[in-house]
Amino acid sequence: TVSEAEGEGAVGEEQKREPEELAARVAEEEEEDADVREAEMADTGTPRLTREEVEQGIARMDQHVDRESRDQSAGTDASSSSGGSYQKQFVNKAPNEDSTMPSWRRRKKHMFVFSNAGKPVFSRYGDEQMMSTFFAAAQAIISFVGDKWGDGLLSMEGGLRGPGGGSPWKRKANRDSRAQGPPGKLKALFLEKGPLTFVCVSRTDEPASVLRHQLDLLHSQFISILTLGIERAFARSASFDMRKLLNGTGPLLRSVIHSGTWDLPVVLGGVAPLPLEIGLRKQIAQSLQGCFVPDVMCSLLFTADRVICISKRKRFKLNHKDLFLFTNFVRLNDSFKQSESFTPFCFPSFNPSAFLYVYVSYVTEDVCLAFVSGRADSFHELAEAKVFVESFLRQPTVRTGLEQALREDTLKVRELPMSAGGGFVGETPLWHYVYYHKGLQQLLSPRMGAPPLATRECQKRVLRGYQEMSTASYDGMTVRWRRSGSFTIIACISLDFDLYATFDSIVDAGSAVRICNQLAQYIHSKERDLLMPVFQLKSNTRTTAAARRATL
């Protein structure tokens with residue numbers, strides 16, 4: 001160890017060094033991390049470097065963003081199958097920004113969370129600690145309107161005031177806001193949930209009901225991490241700082257916001273099953289049921305964006321929102337890919353006040369197995385059950401059928417019959433479709449990424465059209481029609497299902513409706529293999545994996 005006298009002497013010698021030596025050391029350090037600093041300065045607008053260096057950093061960032069967009073729009077699931085690369089997509093892109101910076105204001109959609117005492121909790125962009133004045137202003141708005149409105153939604157619309165003035169804000173406080181301002185208008189939504197207030201400030205042209213859904217989803221993700229027990233902490237101390245409890249969860253929370261805009265199952269409120277031959281799916285379900293362990297609530301087999309099989313107890317409530325929160329939680333954690341894990345997780349729809357315990361293990365590179373248990377000491381029994389399921393999936397017929405289902409996307413437009421709009425680009429006016437089964441809350445849709453929806457901008461416009469179609473009120477109309485510049489979206493609404501389809505802009509209404517009818521009939525004839533039944537765990541089964549293997 002170094003004494004205080006020696007340490008003070010070292011400091012004195014450091015201060016007496018020649019300016020040339022210090023300048024050389026600084027230049028050497030700057031050269032080593034030039035890329036990091038250039039990207040940071042270009043993003044925050046802080047010109048500490050020369051103009052040429054800043055421009056080089058901006059160009060390098062633009063190339064990175066373009067490359068990332070091309071990778072995402074290519075339809076490959078490389079980022080999803082790799083937990084690390086997928087997680088890196090949702091790190092804070094502007095950790096040094098605050099509400100006074102122009103670069104921060106240019107962001108298209110912000111989401112914030114703060115306590116009723118104005119204590120910062122989370123911000124999608126920037127450092128929430130540096131935006132205390134912004135959170136104080138938001139809290140003042142809520143106090144002005146009324147500090148108690150239950151679960152009601154306060155929405156405000158208007159334009160940003162520039163040098164020449166701007167449009168005034170329009171305030172709307174109601175319980176079911178479907179307000180939708182002109183394109184480019186700024187929307188601000190405030191949602192109070194217990195001791196926390198969730199805020200969304202957006203000019204993405206998304207309907208207010210969609211933004212409300214995203215705020216609800218963000219709140220549910222908070223509950224899945226902390227449970228409703230956080231309210232007791234705020235009851236004891238209104239100035240409680242919960243950011244320490246959320247340490248490391250920033251990418252998870254940002255991924256939920258991203259999915260609320262870009263993932264069709266989340267946007268439309270459903271589950272995306274993996275198309276699989278019904279006989280094979282039943283065999284997989286039997287393997288999950290056969291290795292039943294006492295106090296297991298649910299068994300899941302899923303990929304990054306598809307669910308293969310669910311087998312659960314009758315009393316265990318698992319809706320599409322909880323399923324997304326859990327699968328997204330698994331996808332965002334790198335450790336689950338490395339080894340088997342046992343972690344607490346709260347399913348808000350089942351019991352928002354308590355944790356359940358989930359065993360997670362990847363049985364193949366792309367397929368993950370999860371057991372949800374009510375016991376904190378069931379790890380070894382569940383690990384034993386996993387061995388049985390894994391051995392079953394290794395059987396040649398099962399492995400071949402599952403690999404084929406994962407490799408082939410039978411929902412692609414070119415795989416459909418010609419009468420149902422099937423064919424390659426140029427042969428059919430059908431670009432994309434979404435089939436939503438209302439009873440099962442499941443949806444079928446080909447992955448976006450192939451032409452003519454190869455660019456991120458085209459995908460965004462189509463998703464915006466689906467959002468508007470699913471949230472707008474059409475007074476009982478069964479067919480909804482929306483024509484854009486380069487495409488046309490038609491929605492067919494029935495008692496059992498909804499069908500959304502994107503066509504070329506030159507298609508006529510009669511042809512589009514005829515293709516939609518044929519497409520609905522084709523999907524209905526294939527529902528046994530396309531949709532996923534939820535299998536029930538037998539509560540009287542007590543056979544463990546070891547006992548079953550002993551009888552084979």
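Quick caveat: nothing in here was measured; it's all calculated off a predicted structure. Counting begins at 1 with the first residue of the sequence.
Residues forming a ring-ring contact (aromatic ring centres under 6.0 Å, His included) with Phe324 (at least two apart in sequence, or on another chain): none.
Ser255 and Asn328 share a donor-acceptor pair across their side chains, judged by distance under 3.5 Å alone. Ser224 and Gln221 form a side-chain donor-acceptor contact under 3.5 Å, judged by distance and modelled atom types alone. Remark: the Lys109 side chain and the Thr261 side chain contain an N/O donor-acceptor pair separated by less than 3.5 Å. Thr204 and Glu206 share a side-chain donor-acceptor pair at under 3.5 Å. In the model, Ser445 has a side-chain atom that pairs as donor or acceptor with a side-chain atom of His432 under 3.5 Å. With no hydrogens or angles considered, no side-chain donor-acceptor pair links Glu381 and Tyr359 at under 3.5 Å.
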Note to self: One pair to check against salt bridge (charged side-chain N to carboxylate O under 4.0 Å, His left out): Lys438 and Asp498. What are the steps and the verdict?
What the structure shows: CA-CA 7 Å; Lys438 294 181 178 179; Asp498 295 343; 3.1 Å; yes
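Tyr357 and Phe355 have their aromatic ring centers separated by at least 6.0 angstrom. Note: Tyr362 and Phe336 fail the aromatic proximity criterion, with ring centroids not under 6.0 Å apart.
For the pair Asp216 and Lys193, the salt-bridge criterion is met [side-chain N within less than 4.0 Å of a carboxylate O].
Counting only heavy atoms from C-beta outward, the side chains of Leu356 and Phe316 approach each other to under 4.5 Å. Residues Val360 and Phe329 fail the side-chain proximity criterion, which asks for heavy atoms closer than 4.5 Å.
Within a 6.0 Å sphere centred on CZ of Arg528, other residues, nucleotides and ligands contribute 12 heavy atoms or fewer. The local environment of CZ in Arg232 is sparse, with at most 12 non-hydrogen atoms from other residues, nucleotides or ligands closer than 6.0 Å.
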